[in-house]
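Just follow the structure's listing: the first ligand is 1, and inside any ligand the first atom is 1.
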Amino acid sequence: MAASSSLPHHVPTALTLLFILVSATTTNGSIGVNYGTVADDLPPPGEVARFLLQSTVINRVRIFDPNPELIQAFAHTGIQLTVTVPNDQIPRLANLSFAQQWIKSYIQPYFPATNLVRILVGNEVLSTGNRLLIGTLVPAMQTLHAALAGASLDRRIQISTPHSLGILSASTPPSAGKFHGGYDVHILKPLLGFLRSTNSPFMINPYPFFGCSEETLDYALFRPNLGFLDPNTRIRYTNMLDAQLDAVFSAMKSLGFGDLEIVIAETGWPSKGEPSQIGAGQENAAQYNRNLMRHVNSGDGTPLMPNRTFETYIFSLFNEDLKPGPTCERNFGLFGPDLTPAYDVGILRPTTNGDSFAGGARRRRGKEGGGKVVCGERRGGCGLATEEY
Ligand SMILES: *[C@@H]1O[C@H](CO)[C@@H](O)[C@H](O)[C@H]1NC(C)=O
Ligand SMILES: *[C@@H]1O[C@H](CO)[C@@H](O)[C@H](O)[C@H]1NC(C)=O
């Protein structure tokens with residue numbers, strides 16, 4: 001499908017039809033997207049919500065803070081919205097009256113007009129190394145749940161928290177996946193217990209992009225490759241995401257929580273990066289996200305979780321020009337600020353108007369900012385040791 005990026009504005013009908021067909025076959029099932037707003041050039045939230053509803057197959061959206069304007073923008077769209085509590089709010093949420101106030105301010109005015117389905121208490125909290133945040137994470141989740149129950153919303157709205165794969169001390173081979181011991185397990189056990197008792201999913205942010213090398217690029221992108229044999233199970237893994245998911249599953253199972261649903265809260269691939277960065281680029285980003293959607297919706301599951309589907313949120317909806325750090329951090333977006341696709345990934349709704357599709361393939365570039373965050377920060381637990389590949 002790479003050819004679409006060079007299409008002229010008015011493409012012949014036959015070609016247009018071909019794209020529509022390909023697009024339609026790759027968009028079965030559902031897909032979520034992370035809607036980050038660290039940018040100064042994004043369209044108004046109302047326009048974004050209408051666009052997602054009318055022009056894409058995206059039916060779930062996660063936002064990174066309880067921004068009333070964003071929550072309101074999704075009213076009457078039916079799109080399932082997940083709201084994140086910023087990390088710095090976590091300690092206060094362990095206080096029931098604060099939690100009740102929070103639900104009153106950020107949830108009740110908008111529900112059910114906005115289809116709020118989940119609240120995420122922080123993001124990658126265990127990886128912050130901040131003892132106060134980590135220590136108050138589970139109490140905050142419990143208290144927020146009690147506040148939801150008090151408002152009779154606990155059966156409508158779930159509570160969870162996403163983790164980086166840095167929570168794994170071992171991820172290779174996948175059957176040997178383990179959480180870090182000590183303090184982390186001390187937190188994770190009650191956390192998993194809370195999720196089970198509230199029928200909520202365990203959420204993770206796997207990024208094969210940050211785990212791959214020249215040798216494992218095909219493995220990370222779901223392309224044909226020799227794969228990697230798990231000597232314990234004799235299972236051959238042919239893509240890194242499966243290995244990462246199964247490593248998480250093994251870790252959960254070893255604590256007695258193999259039954260919990262796993263949700264992919266973030267995953268993605270940058271369409272642009274530093275020259276030294278393996279794999280960044282439009283073709284690969286399109287391929288990763290396209291193959292990802294097909295895979296998580298296929299019902300094939302993973303070797304250790306056969307037949308499961310995984311609710312998945314691509315990172316990210318937009319290129320975000322104000323994000324600090326290296327180039328890749330600003331270029332995870334599926335769309336440019338003018339809502340043209342950054343590349344053809346097959347999430348636009350089948351349409352008889354091929355123009356926007358072809359025209360949109362010529363992507364606009366966002367502005368670049370400076371910064372200091374290193375792209376590899378999400379690298380934890382890539383699920384593959386290259387020598388075993
Ligand atoms: C708990 O939250 C309420 C409401 O925000 C606040 O008035 C109270 O001081 C808090 N209590 C503690 C112990 O922080
Ligand atoms: C997965 O689906 C296949 C085909 O429908 C079936 O034969 C198999 O028993 C299922 N496996 C599990 C673990 O449910």
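If you check the side chains of T84 and R62, you find a donor sitting under 3.5 Å from an acceptor. For the residue pair Y110 and Q72, no side-chain donor N or O sits within less than 3.5 Å of a side-chain acceptor on the partner. N291 and R294 are linked by a side-chain donor-acceptor pair at a separation below 3.5 angstrom, with hydrogens and angles left out of the test. S175 and T233 share no side-chain donor-acceptor pair at under 3.5 Å.
Closest to atom 9 (O) of ligand 1 among all protein heavy atoms lies N95 ND2, 4.7 Å. For atom 5 (O) of ligand 1, the closest non-hydrogen atom on the protein side is F98 CD1, 3.7 Å. Ranking protein heavy atoms by distance to atom 4 (C) of ligand 2, first place goes to N307 ND2, 4.6 Å.
Distance screen at 4.0 Å: atom 2 (O) of ligand 1 has a protein heavy-atom neighbour inside the cut-off. Within 4.0 Å of atom 7 (O) of ligand 1, not a single protein heavy atom is present. Atom 14 (O) of ligand 2 lies below 4.0 Å from at least one non-hydrogen atom of the protein. Note that atom 11 (N) of ligand 2 has protein non-hydrogen atoms nearby, at separations under 4.0 angstrom.
Heavy atoms of other residues, nucleotides or ligands lying less than 6.0 angstrom from CZ of R223 number more than 12.
Partner of Y288 under the ring pair (Phe, Tyr, Trp, His ring centres under 6.0 Å) criterion, out of F222, F209, Y219: F222 alone.
Numbered from 1 in the order shown, with element, the atoms of ligand 2 that lie under 4.0 Å from a heavy atom of P306 read 13 (C).
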